[in-house]
Chemist: 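First, the structure itself, so that you have it in front of you.
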Number of protein chains: 2
Amino acid sequence: MKSKKIDWDKAKQLCEGLTEEQDALTRELVSRIADKWSLWTMAVLAEAGAALRFSRVMEHVEGISQKSLTKTLRGLERDGLVTRKVFAEVPPRVEYEITDFGMELLDQVAPLWAWVAQSVNMFQHARTKFDRG
Amino acid sequence: MKSKKIDWDKAKQLCEGLTEEQDALTRELVSRIADKWSLWTMAVLAEAGAALRFSRVMEHVEGISQKSLTKTLRGLERDGLVTRKVFAEVPPRVEYEITDFGMELLDQVAPLWAWVAQSVNMFQHARTKFDRG
DNA sequence: TTCTGTACTTACCTTGAGGTTACAATGAAA
DNA sequence: TTTCATTGTAACCTCAAGGTAAGTACAGAA
């Protein structure tokens, strides 16, 4: 536990060097990243290891609507996490690809994700216990 | 980049061992953890290193409303991330404290948080560039 | 007896996420 | 000429997050 505390202190220390605006942006980014579809979409592009058409992405992100996928991809593009390439063809062809920056982000998220996946039973247990009491 | 890919593969591998329900719960937990107030509230309790009264917590989580703090703390309690102790006094006294499980979670989040804080300028730059084009 | 302090709780409102459905645009194919 | 295929956009709806403001409960202080 003590070795891990270093991580937390490091994060705290970094945040103290930020302006108020940057601090707010950090919080906004952290919660934006973890929205319903962004991580999943990025993961699909990462696993593909290549550019994917809109409809290919949609097939892999199960349950997402066209509208939400459009919005999600736009947001990711805006943040520099994916690229969008439009081909002047008919019917239209648009390809999305994850950027190096996006891969970096995924790599940062991966340990947290793995820990949560590992701890799912802890959460489930805590919840049922709470809901009974 | 290649060394980091290991993390992602590990996360992916872990997720494949989950039931569909657990997989959905993992996604839900990741996005719930990153809501507007949960991480901040946990950070306050972690830094305090002791049990804090409701009103003390509220002072440190700047901008949160009473209602949202109540809801946030209940959610964290339900997930076993903080404890809630009620003292039978008048006026009422209620103390909140982060659990070991909660500290573990913070330790997992810390590197991601630090990376985002470090990368704020990248995000800002990407956004202004996108918004101009 | 009225006021105070604490931790909620309830009612009401605004905002944004996200879903569904329908429609646009258009060259190639049938 | 009609249909198809693809990537959107626009209109409309629901739901949940989160804010504000007011009320609740009650022992002790004034």
Side-chain angles (χ1 to χ4, degrees), chain A residues 24-25 27-42 44-45 48 50-79 82-97 127 130 133, chain B residues 24-25 27-42 44-45 48 50-79 82-97 127 130 133:
Chain A
L25 182 58
R27 267 198 292 279
E28 189 214 311
L29 284 169
V30 169
S31 48
R32 213 199 66 69
I33 284 163
D35 74 355
K36 194 173 178 184
W37 300 116
S38 291
L39 279 177
W40 197 352
T41 303
M42 289 178 67
V44 163
L45 291 173
L52 288 187
R53 300 187 65 160
F54 184 87
S55 43
R56 295 308 118 227
V57 179
M58 193 154 166
E59 279 168 14
H60 286 89
V61 184
E62 288 166 45
I64 198 171
S65 67
Q66 214 176 35
K67 176 187 154 187
S68 294
L69 183 53
T70 299
K71 197 180 169 187
T72 299
L73 286 167
R74 283 290 191 290
L76 295 176
E77 188 198 359
R78 186 165 109 98
D79 284 339
V82 309
T83 57
R84 178 173 182 267
K85 220 178 293 180
V86 183
F87 295 82
E89 302 175 1
V90 167
R93 184 164 123 241
V94 182
E95 289 186 351
Y96 295 91
E97 194 169 9
R127 285 189 176 186
F130 181 90
Chain B
L25 183 57
R27 266 197 293 277
E28 188 215 312
L29 285 169
V30 169
S31 48
R32 213 199 66 69
I33 285 163
D35 74 355
K36 195 172 176 185
W37 300 116
S38 291
L39 280 176
W40 197 351
T41 303
M42 289 177 67
V44 163
L45 291 173
L52 287 187
R53 301 186 64 159
F54 183 88
S55 42
R56 293 310 118 228
V57 179
M58 192 155 167
E59 279 169 15
H60 286 88
V61 184
E62 287 166 47
I64 197 171
S65 67
Q66 215 176 36
K67 176 187 153 188
S68 294
L69 182 53
T70 301
K71 197 181 169 187
T72 300
L73 286 167
R74 283 288 193 291
L76 294 176
E77 188 197 1
R78 186 165 109 99
D79 284 339
V82 309
T83 56
R84 177 172 182 269
K85 219 179 292 179
V86 183
F87 296 83
E89 303 175 359
V90 167
R93 184 165 123 239
V94 182
E95 288 186 351
Y96 295 91
E97 195 169 8
R127 285 189 175 185
F130 180 89

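Chain letters run A, B, ... following the sequence lines, proteins first and then strands; every chain starts at 1.
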Chemist: Starting at CD of Glu62(A) and ending at C1' of dG18(C), how long is that distance when rounded to a whole Å?
Modeler: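 Result: 18 Å.
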Chemist: Report the distance from atom CZ of Arg56(A) to atom P of dG8(D), rounded to the nearest whole Å.
Modeler: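 Distance, rounded to whole Å: 14 Å.
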Chemist: Roughly how many Å is it from CG in Asp35(A) to P in dA17(C), rounded to a whole number?
Modeler: 9 Å
Chemist: Rounded to whole angstroms, how far apart are CD on Glu95(A) and P on dT7(D)?
Modeler: 9 Å
Chemist: For dG18(D), does either OP1 or OP2 sit under 4.0 Å from a side-chain N or O belonging to Ser68(B)?
Modeler: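 Result: no.
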Chemist: Has Ser55(B) got a side-chain N or O lying under 4.0 Å from the OP1 or OP2 atom of dG5(C)?
Modeler: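 Looking at the OP1 and OP2 atoms of dG5(C), neither is under 4.0 Å from any side-chain N or O of Ser55(B).
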Chemist: Passes salt bridge (charged side-chain N to carboxylate O under 4.0 Å, His left out), Arg27(B) versus Glu62(A)? Steps please.
Modeler: CA-CA 13 Å; Arg27(B) 266 197 293 277; Glu62(A) 288 166 45; over 6 Å; no
Chemist: If you check every side-chain atom of Pro91(B), which of dG18(C), dG5(C), dT7(D) has the closest atom?
Modeler: dG5(C)
Chemist: What I want to find out is whether Glu97(A) reaches Arg56(A) closely enough, with some N-O distance under 4.0 Å, to be called a salt bridge.
Modeler: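 Looking at Arg56(A) together with Glu97(A), the answer is no, because their closest N to O distance does not fall below 4.0 Å.
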Chemist: Are any of Lys67(A)'s side-chain N or O atoms less than 4.0 Å away from OP1 or OP2 of dG8(D)?
Modeler: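 Checking Lys67(A) against dG8(D): no side-chain N or O falls below 4.0 Å of OP1 or OP2.
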Chemist: For Arg53(A) and dT7(D), is the shortest distance between a side-chain N/O and OP1 or OP2 below 4.0 Å?
Modeler: yes
Chemist: Apply side-chain contact (heavy atoms from CB on, under 4.5 Å) to the pair Lys71(B) and Trp37(B), showing each step before the final yes or no.
Modeler: CA-CA 10 Å; Lys71(B) 197 181 169 187; Trp37(B) 300 116; over 6 Å; no
Chemist: Quick one: label Tyr96(B) by what it contacts on the DNA or RNA (base, sugar-phosphate, nothing), any heavy atom closer than 4.0 Å.
Modeler: sugar-phosphate
Chemist: If you assign Lys36(A) and Arg74(B) each to the DNA chain C nucleotide with the nearest heavy atom, which residue ends up on the more 5' nucleotide?
Modeler: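 Nearest nucleotide further toward 5': that of Arg74(B).
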Chemist: Given atom CZ of Arg32(A) and atom P of dG16(C), what is their separation to the nearest angstrom?
Modeler: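 That distance rounds to 15 Å.
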Chemist: Separation of Glu89(A) atom CD from dA25(C) atom C1', in whole Å?
Modeler: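 The answer, rounded to whole Å, is 15 Å.
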Chemist: How would you label the contact of Gln66(B) with the nucleic acid (heavy atoms, under 4.0 Å): base, sugar-phosphate, or nothing?
Modeler: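 Result for Gln66(B) = base.
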Chemist: Of the candidate nucleotides dA27(D), dG27(C), dT6(C), which contains the atom at the shortest distance from the side chain of Val90(B)?
Modeler: dA27(D)
Chemist: In whole Å, what is the span from the CZ atom of Arg93(A) to the P atom of dT26(C)?
Modeler: 19 Å
Chemist: Flag the pair Glu89(A) and Arg93(A) as a salt bridge only when some basic side-chain nitrogen lies within less than 4.0 angstrom of an acidic carboxylate oxygen.
Modeler: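 Judged by the 4.0 Å cut-off on N to carboxylate O distance, Glu89(A) and Arg93(A) do form a salt bridge.
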Chemist: Looking only at the side chain of Thr70(A) (C-beta and beyond, no hydrogens), which of the listed nucleotides dG8(D), dT6(D), dA17(D) gets closest?
Modeler: dG8(D)
Chemist: So if I apply the side chain to side chain contact (heavy atoms under 4.5 Å, CB included) rule between Met58(B) and each of Thr41(B), Ile64(B), Val44(B), which one comes out positive?
Modeler: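 Option passing the side chain to side chain contact (heavy atoms under 4.5 Å, CB included) with Met58(B): Ile64(B).
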Chemist: Under 4.0 Å, counting only non-hydrogen atoms across every strand here, what does Arg84(A) touch: a base, just sugar-phosphate, or nothing?
Modeler: sugar-phosphate
Chemist: I need the CE-P distance between Met58(A) and dG8(D), as an integer number of Å.
Modeler: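 Roughly 12 Å, once rounded to whole Å.
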